[in-house]
Amino acid sequence: MTGSLSPEDRSRLEALFDRAIDLPRSEQTAFVERECGSNVALADELGKLLKGLAGEDVVTRLQTETSSRAGSQIGPYKLLERVGLGGMGEVYAAEQRSPVERRVALKLIRPGMDSVEVVARFHAERQALARMTHPNVAAVLDAGSTDDGRPYFVMEFVAGEPITAYCDRHKLSTRERLLLFLDICDGVEHAHQKGVIHRDLKPSNLLVMQQDGRAVPKVIDFGVARATTGRLADHTLHTMVGQIVGTLDYMSPEQADPGGLDVDTRSDVYSLGVVLYQLLSGLLPFEHGRNVDRPLSEIQRTIRETDPPTPSTRLRRETGTATAIAPLHGVDDTLLVRQLAGDLDWICIKALEKEPARRYQSASALAEDVQRHLAYEPVLAAPPSAGYRVRKFVRRNKIAVTAGAVVAVMLVLGIVSMVMALTEKTRADVAATAETKSRRGTEVISDFVTALLESSDAWNEEGTPDLTVDSAMDNALRYIGDGHLKDYPEIEARMMNTIGLILYNSGRTKEAEALFLKALATRKLLYQGDHTELAESLCNLALLRASQSDLEGAESLATEAVEMFDQLSPGDSTGLSWALGLQGSVRTALGRPGEGEPILLRRLEMIKRIFKGDHKEVAFAMCSLARARNALGRTAEAREALDEAVAMMRRLPPPGSAHLAHMLWVSAGVRLDNGDHAAALPDLEEAVTIGAERLSRESPDLAAYRDALARCQAALGE
Amino acid sequence: MHDPTDSGAADQVTRLLGAVSAGEKAASADLLPLVYDDLRRLAAARMARLAPGQTMQATELVHEAYMRLVGSTDPGWQGRAHFFGAAARAMRNVVADHLQRKGSLKRGGHFKRVGEDTAANLSCDGPSDDILVVEELLQDFEREYPRKAEVVTLSFFGGLTAEEIGEVLDLSSRTVERDWQFAKAWLNSRLADPEAST
């Protein structure tokens, strides 16, 4: 028998044990020696306990190992073997004999659940569940209860392993991990479209299987969480002792709120964010850990109130972890940190926002940003401070956005996302060259952006919007001219393009042209072949050529850009849609609306898929398609589409934007073409009013509005 | 077929669970004999139907007792917690009875490698040796740490959650978790190394 400790030693032992379990194992021995001193019995017992903690957990194994029901029959299902065991119950591979013969997974819920209620809840959702058919969603087939009243669920059998384990075992790169994650998002989005929320997304419900030599991830257990509890919080907290913490890891703040309302699809977006965080960094956003000292309510509060650090920050801070995890991604720790820093950091953080309204609004929106990252396009997610600064900058300077139909929006997107991207994204790109260089690169960028923002600050007081933007651009040009960026050609090219666009819009086409040409040459050298940034440069130049009335030149550049985008990624992208818009509009302007129309239609459809609902991109795409149709003599269709586009633009903030002015002008133009001057007049008056307020005095667009108004008034006066 | 459970017992269980849910913690103690009786009867009835060599799961048994005694009336999660708490204690009693008949295992060297044979089951001739070893160690543990041993009883033999155990023993979930960690470390250190307990 163990020599009994005195009651005092026993309570000391308990206290010391509680402290010791949070220490790294390597420090525990020293801790025992230090704290127990000459009390050999106490030291001996504490040492034994820590050994018991570190060694095989026989108790838990015995507790969870119940004799398998393999071989027995439940309804039409013959249980073959037990493939899983967890807090919720057991999972069996089973064989269904009728009405079809197939292999299924049968999940037997732990005893004590009210099976009548569980099955009833399942059936309430059954219609929706049955409508789900997606390669990345395991089909949910059936639910029922056993003779002794335990509920069970039957679903498609997925012979796979949790996505995190799969990625680590195969040492998948960050890119490969993201591609698997995109499939998961696709499956979840599909379920959401069918009205099914998962509520319990976590790696053990995201299995990767081999199918035709390809890794196919599947989301399992749709409908199960909903059915097994009215409110998820209830059930997830009521797992076996010692497992509580595990299930909280993927829970959204609204789920962790005991008094919280029912969750919506954005709760799943949060859980996907946790999974992404873990796939990329091997870490969870919050390590609730094995610290049993923390009361549950405190963990819940952490989930609700604490902002997690970015994945790259975590890896940078926890160097030991980084060295351990990086090899599982097939890279070293510094490279892994670089891959995550920037885009991927912010994508995770945006998915993990506390407020559902600040997260990605859907699984597909999250996926699209990941895709943007993969296509080297600027992502929507951004570090809060930079985003804030940029928004302030843009608001303060009322940047004049007056480009042609297609480009106006891209310009705003271009500026905003570029400035945001510059602060973080390029850090990662540049970092690929050398560590020290990357640090300097980052500093160079932030110096530049700061200079830009501050210079505009200074002029804000007295200057007109024109002066402010122009002066800021002068500053930027000088900055580049001084060679501050010459060691960073990628960044320099990006800067030149963006500044070029701003100059173009202020009517400084000559300077813009020089910048575009230089950026194009730099990128040709850099990329030596197809690249989205190269295609983007071609588009910029095409736009400029069009404005110089060199429509043939514009046409061939736009066509080259379209082909390049199509080559690079045949799917939807904002870049491709931009190029299509240019190509279609230019062909229409060249008097070939028959060629332009299908191109612009393709673009509109693409834009609608990318930006759902009301969006200025959609309005612009409708607008340019309408122009082509008008040219084809399909006037009624064109007018209807333009009215719709104007109405859409009016619904979108801010009121009285430059985009709206442009739209009104196009709409009026179609009416003028058809001799309907009276209808065109109010539109043109409004366009000129807005233009005078928003646009640079040199803006070619404003001149066009004024010209059209004058002609309209003259026609009406006669 | 004659129902081994008279409806009187079921009514009584329902009433007691109702009382427990209403805050009468004392009613919980009265549950034990009722549930215990029922479990034993169930076990006997079930064994008669089992083919030789087939085993019966403790959790199945408890669930069946629950369905019989409580049925579809919902006693609330507190009521359920107390029922499973009582069942866990009953289950431990059954195991303790077997241990007494068989004598000490850990000193007889029966314990080889836990888990080679699946555990936590009541076979025709009683609980597996593994479970008996746990019970024997738990009795040692109980003498020094009675409250922690209660946590183990409810978790190990009843599969209760931390909240449920907290409800039954009137402890915070946090204390339950800490007790469980400690008890597990204690038991594991002896299970992994049988010499440690001698």
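Values below: every heavy atom of this structure, side chains too, minus hydrogens, waters and symmetry copies. Order of the sequence lines fixes the chain letters, A, B, ..., with proteins taken first and strands second; residue numbering starts at 1 for each chain.
- E27(A) pairs by the side-chain contact (heavy atoms from CB on, under 4.5 Å) definition with L23(A), P24(A), not counting sequence neighbours.
- Summarising the geometry of G52(A) relative to N188(B), their closest heavy-atom pair is O-CB, 3.5 Å, with the distance given to 0.1 Å.
- Atom CZ of R178(B) is separated from atom CG of D18(A) by 4.0 Å, given to the nearest 0.5 angstrom.
- For the ring pair (Phe, Tyr, Trp, His ring centres under 6.0 Å) test, residues two or more places apart in sequence or in another chain that qualify with F17(A) are F182(B).
- Counting only heavy atoms from C-beta outward, the side chains of L53(A) and Q181(B) approach each other to under 4.5 Å.
- Pairing each heavy atom of R190(B) with each of L49(A), the nearest pair is NH1-CD2, 4.5 Å.
- Put simply, the side chain of L13(A) does not reach to within 4.5 Å of the side chain of W186(B), judged on heavy atoms.
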